[in-house]
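What follows is a single structure, written as structure tokens, with notes after it.
Keep in mind the model is a prediction, meaning the values are calculated, not measured. Order of the sequence lines sets the chain letters (A, B, ...), proteins ahead of strands, with each chain counted from 1. Values below: all heavy atoms of this structure, side chains included; hydrogens, waters and symmetry mates excluded.
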Amino acid sequence: MGANAPGFQGGRFLRARPRWVLLRTDSGGGGTGHGQLRIGGTPLDERLRRHARAVSWWRPPAKGQALELRATEIEVVGWVDDPETYPIQPKQHSFEYLREVAHLRPRTNTFGAVARVRHTLAHAVQRFFHERGYLWIHTPIITTSDAEGAGEMFRVSTLDLLNLPRTEAGEIEWTEDFFARPASLTVSGQLNVEAYCQALSNVYTFGPTFRAENSNTSRHLAEFWMIEPETAFADLSDNADLAEEFLKYIFRALLDERSDDMAFFAERIDRSAVTRLEQFVESSFERMEYTEAVARLERAPKRFEFPVRWGIDLQSEHERYLTEELVGRPVVVMNYPRDIKAFYMRLNEDDRTVAAMDVLAPGIGEIIGGSQREERLDVLDARMDAQGLDRSAYWWYRDLRRYGTVPHAGFGLGFERTVQYATGMANIRDAIPFPRTPGSAEF
RNA sequence: GCCCGCUUAGCUCAGUCGGUUAGAGCACCUGACUGUUAAUCAGGGGGUCCUAGGUUCGAGUCCUAGAGCGGGCGCCA
């Protein structure tokens, strides 16, 4: 068809014949099924330009088609400017290339499938919590607290970079900035959602999160979506139960509701995409103490690049050994050394570990990180002091303990990593519509 | 932040030891065929070999620097 080829979402693939043309139409948000449109009978060029509408049944759909219609007339709404340079062709493109045309890649079947899986998982997340009485709390995007010291943050400012107001000492005069103090994009909604947990019991956040880390891997984004539930009166074991129930729920929903797209991923992207999820939802998670995990790793008949000893944080290679080789199913590692974990994690009786947990899954490693929170103000203060944090900067977080408090626990799940795991997409940049990574935010 | 790799047609790539006019598949254009599913067949057009500098009689090929992209590690979700 060449210059006559309509390149738009409704009709993607077509084949020209002397007297007719076949147009493949996708059913859009409804699914992967497609139909065909046949236009023919008179010379095509005139015909295609004619205004028209009526369609009627042509014949029963062939294999792989949702339906087939016969068009008696057709109007082309948007012509392709230059068919030869149209970036999306009816062939396989590399994902690296498609990232350079992120505005057009949703027209490919792979990114259509990713978008539907994303939607289905997001919907299942909301349903899971809603059915259990959790309230969705919209925590702020802009923050003036360094949340958990979780990493580099993106500055939010309206100051003129070329003419920064200065104090007499030469420091930046933040009182002249929009918020009259340094502000950033949030790295976690946890501290805020804890405030609502202390008032409304079971709550969660689900929204965008930002990390200005210079992380160059296939598992990191500068902007990603995170799910963070917070449960009142829950201890670490309850937290692990919730994480297990939650992951199984959303993956089961995906298998049930998007079997068409999952079959596509299994066929074209990752052969084990479906079986991996089926095994995941059917297996019970192994629980393992950190101390036990270290002992098992030390006995492992395998040489690790990073040697294992009690007190270190587990490396990716250790986590993968535990879940993939030692246990062969998801593992929850619990009660990590105090000194490698955040100040808000609850100190255990032994005084050397905290009630932290990581959920490790075969094929991806850490998928969830969480903890029971420290509800005892004196212990919290001691931990902040030990980590060199300024108590006054966390005054409102401390208030949550000062003015009536209950034990509570929660975790964080990276949504894109979940999409990545479910689909088998190798790079997290292909699990979000418009990825932001160091040096890259074109679209 | 550290280490490694890649960059040749619209896309995916080949290009030997440094040597004549840089190739293939797909895409595009023309033609054949009344039903395709990555159709097929015949013909045709299409190149800043990432950029700059250097070595050489001669550079897509070797050297230096830079840019872009990717992989691994660290940080984490």
Side-chain angles (χ1 to χ4, degrees), chain A residues 1-5 7 12-24 34-41 58-59 61-65 68 70 80-101 104 108-109 147-152 187-190 206 208-228 243 268 305-306 313-317 319 340-342 358-361 364-370 411-421 426-432 437-440 442:
Chain A
M1 276 305 290
N4 294 335
R12 272 208 320 227
F13 176 81
L14 75 179
R15 176 148 291 108
R17 291 293 179 276
R19 293 213 171 92
W20 46 266
V21 58
L22 287 175
L23 181 62
R24 172 170 162 163
H34 64 272
Q36 288 190 169
L37 207 56
R38 177 190 156 107
I39 310 139
W58 171 247
R59 69 166 198 180
K63 191 184 174 192
Q65 288 175 210
E68 178 165 311
R70 180 177 120 188
V80 168
D81 213 36
D82 176 6
E84 188 168 358
T85 61
Y86 180 51
I88 307 297
Q89 298 177 4
K91 57 168 288 191
Q92 272 204 314
H93 292 286
S94 71
F95 293 130
E96 290 83 358
Y97 168 71
L98 289 172
R99 274 170 224 146
E100 295 170 15
V101 287
L104 298 173
T108 66
N109 46 21
E148 46 185 291
E152 293 298 310
V187 296
S188 166
Q190 182 198 317
F206 184 8
T209 310
F210 308 86
R211 304 272 168 94
E213 299 284 350
N214 189 16
S215 294
N216 297 290
T217 82
S218 56
R219 304 181 311 282
H220 290 83
L221 291 165
E223 177 181 304
F224 63 100
W225 286 59
M226 191 152 65
I227 298 145
E228 297 173 284
R268 301 284 287 277
E305 186 184 344
F306 294 88
D313 209 354
L314 299 181
Q315 302 290 323
S316 298
E317 57 173 345
E319 296 178 340
I340 59 171
K341 289 296 183 181
D358 282 347
V359 179
L360 315 178
I364 192 170
E366 181 181 338
I367 190 169
I368 279 182
F411 60 79
L413 172 79
F415 187 56
E416 283 70 22
R417 285 190 182 172
T418 309
V419 174
Q420 200 182 354
Y421 180 69
N427 195 310
I428 200 167
R429 296 168 184 126
D430 302 323
I432 189 169
T437 55
S440 178
E442 172 75 13

Task: Which atom of A:Glu416 lies closest to which atom of A:Ala431, heavy atoms considered - done: O-CB, 3.7 Å

Task: C1'-based separation of B:A14 from B:C49 [nearest Å] - done: 13 Å

- [ ] Please examine the side chains of A:Arg99 and A:Asp430, heavy atoms only from C-beta on, and report whether any two atoms are closer than 4.5 Å.
- [x] yes

Open item on the list: How long is the straight-line distance from CZ of A:Arg429 back to CD of A:Gln420, given to the nearest 0.5 Å?
Closed with: 10.0 Å

Task: Dot-bracket line, read 5' to 3' along RNA chain B, where crossing pairs take [ ] and | marks a partner on another strand, Watson-Crick or G-U under 3.5 Å - done: (((((((..((((.....[...)))).(((((.......))))).....(((((..]....))))))))))))....

Task: Distance in angstrom units between A:Ile227 CD1 and B:C76 C1', rounded - done: 16 Å

Task: Nucleotide nearest A:Ser440 when distance is taken to its side chain, options B:U12, B:C69, B:G1 - done: B:C69

- [ ] Find the distance A:Lys341:NZ to B:C75:P and express it as a whole number of Å.
- [x] 10 Å

Open item on the list: So, taking the atom named CD1 in A:Ile368 and the one named OG1 in A:Thr418, what distance separates them when rounded to the nearest 0.5 Å?
Closed with: 7.5 Å

TODO: Rounded to the nearest angstrom, tell me the gap between atom CD1 in A:Ile340 and atom P in B:C75.
DONE: 10 Å

Open item on the list: For B:G72 and A:Thr217 - does any side-chain N or O of the residue sit under 4.0 Å from the phosphate oxygens OP1/OP2?
Closed with: no

Task: Distance in Å, A:Asn214 CG paired with A:Glu152 CD, rounded so as to fall on 0.5 Å steps - done: 10.0 Å

- [ ] Measure from CZ on A:Arg211 to P on B:G74 and round the result to the nearest Å.
- [x] 17 Å

TODO: For the side chain of A:Tyr97, starting at C-beta, report the closest nucleotide among B:C11, B:C73, B:G71.
DONE: B:C11

Task: B:U61 to B:G45 separation - C1' atoms, rounded to the nearest Å - done: 28 Å

- [ ] Would you tell me if any nitrogen or oxygen in the side chain of A:Arg219 comes within less than 4.0 Å of OP1 or OP2 on B:C73?
- [x] yes

TODO: Give the nucleotide from the list B:C76, B:G74, B:G71 with an atom nearest to the side chain of A:Gln315.
DONE: B:G74

Open item on the list: Is there a side-chain contact between A:Ser316 and the phosphate of B:G74, meaning an N or O under 4.0 Å from OP1 or OP2?
Closed with: yes

Open item on the list: In whole Å, measure the gap between the C1' atoms of B:C26 and B:A38 for me.
Closed with: 9 Å

Open item on the list: Once hydrogens and angles are ignored, does a donor-acceptor distance under 3.5 Å link the base of B:C11 to the side chain of A:His93?
Closed with: no

Open item on the list: Heavy-atom nearest nucleotide on RNA chain B for A:Glu305 versus A:Glu366: which residue maps closer to 5'?
Closed with: A:Glu305

Open item on the list: What contact category does A:Thr418 fall into here, base, sugar-phosphate, or nothing, at under 4.0 angstrom with non-hydrogen atoms?
Closed with: nothing

Open item on the list: Can you build the contact string for nucleotides 2-7 of chain B? Use B for base contact, S for sugar-phosphate-only contact, and - for no protein heavy atom under 4.0 Å.
Closed with: ------

Task: Identified side chain to side chain contact (heavy atoms under 4.5 Å, CB included) counterpart of A:Ile367 within the set A:Leu413, A:Leu360, A:Asp358 - done: A:Leu413

- [ ] Decide yes or no for A:Glu305 and A:Glu317: does some side-chain heavy atom of the first lie under 4.5 Å from some side-chain heavy atom of the second?
- [x] yes

Open item on the list: For the C1' atoms, the ones on B:C17 and on B:A59, what distance do you get once it is rounded to whole angstrom?
Closed with: 14 Å

Open item on the list: With nearest nucleotide decided by heavy atoms, which residue, A:Arg429 or A:Phe415, maps closer to the 5′ end of RNA chain B?
Closed with: A:Arg429

Open item on the list: Quiz question: going by heavy-atom distance under 3.5 Å, is there a donor-acceptor pair between the base of B:C76 and the side chain of A:Ser215?
Closed with: no

Open item on the list: Measure CG/A:Leu314 against C1'/B:C75 and give the value in whole Å, please.
Closed with: 15 Å

- [ ] Between B:U21 and B:G60, how far apart are the P atoms? Round to whole Å, please.
- [x] 11 Å

Open item on the list: Taking B:U48 as the reference, what is the distance to B:A9 when you measure between their P atoms (whole Å, please)?
Closed with: 8 Å

TODO: May I ask you to test the A:Arg211-A:Phe224 pair for a side-chain heavy-atom distance under 4.5 Å?
DONE: yes

- [ ] Starting at atom CD1 of A:Ile428, determine the distance to atom P of B:G72, rounded to an integer number of angstrom.
- [x] 12 Å

Open item on the list: Could you report the tightest heavy-atom contact between A:Ala426 and A:Ser218, atom names first, then the distance?
Closed with: O-CB, 3.8 Å

TODO: Considering only atom P, compute the distance from B:A39 to B:C28 and round it to an integer number of Å.
DONE: 9 Å

Task: Reported CG-to-CZ distance for the pair A:Asp313 and A:Phe306, which is rounded to 0.5 angstrom - done: 12.0 Å

Task: Interatomic distance at P, B:C62 relative to B:G15, whole Å - done: 12 Å

TODO: Determine the contact category for A:Leu221: base if any of its heavy atoms lies under 4.0 Å from a base atom, sugar-phosphate if only primed atoms, P, OP1 or OP2 are that close, otherwise nothing.
DONE: base

Task: Nearest-Å distance for atom pair CG/P, residues A:Leu104 and B:C11 - done: 13 Å

Open item on the list: Output the rounded distance in Å from CD (A:Glu228) to P (B:C76).
Closed with: 15 Å

Any protein N or O atoms within reach of nucleotides 46-49 of chain B? Criterion: under 3.5 Å, listing atom names and distances.
none

TODO: Mind checking the CG-OG1 spacing from A:Asn427 to A:Thr217? Nearest 0.5 Å is all I need.
DONE: 8.0 Å

- [ ] Look up atom CZ in A:Phe411 and atom CD in A:Glu228, then write down how far apart they are to the nearest 0.5 Å.
- [x] 10.0 Å

Open item on the list: Restricting to non-hydrogen atoms, name the atom on A:Phe206 and the atom on A:Ile227 that form the minimum distance, rounded to 0.1 Å.
Closed with: CD1-CG1, 3.5 Å

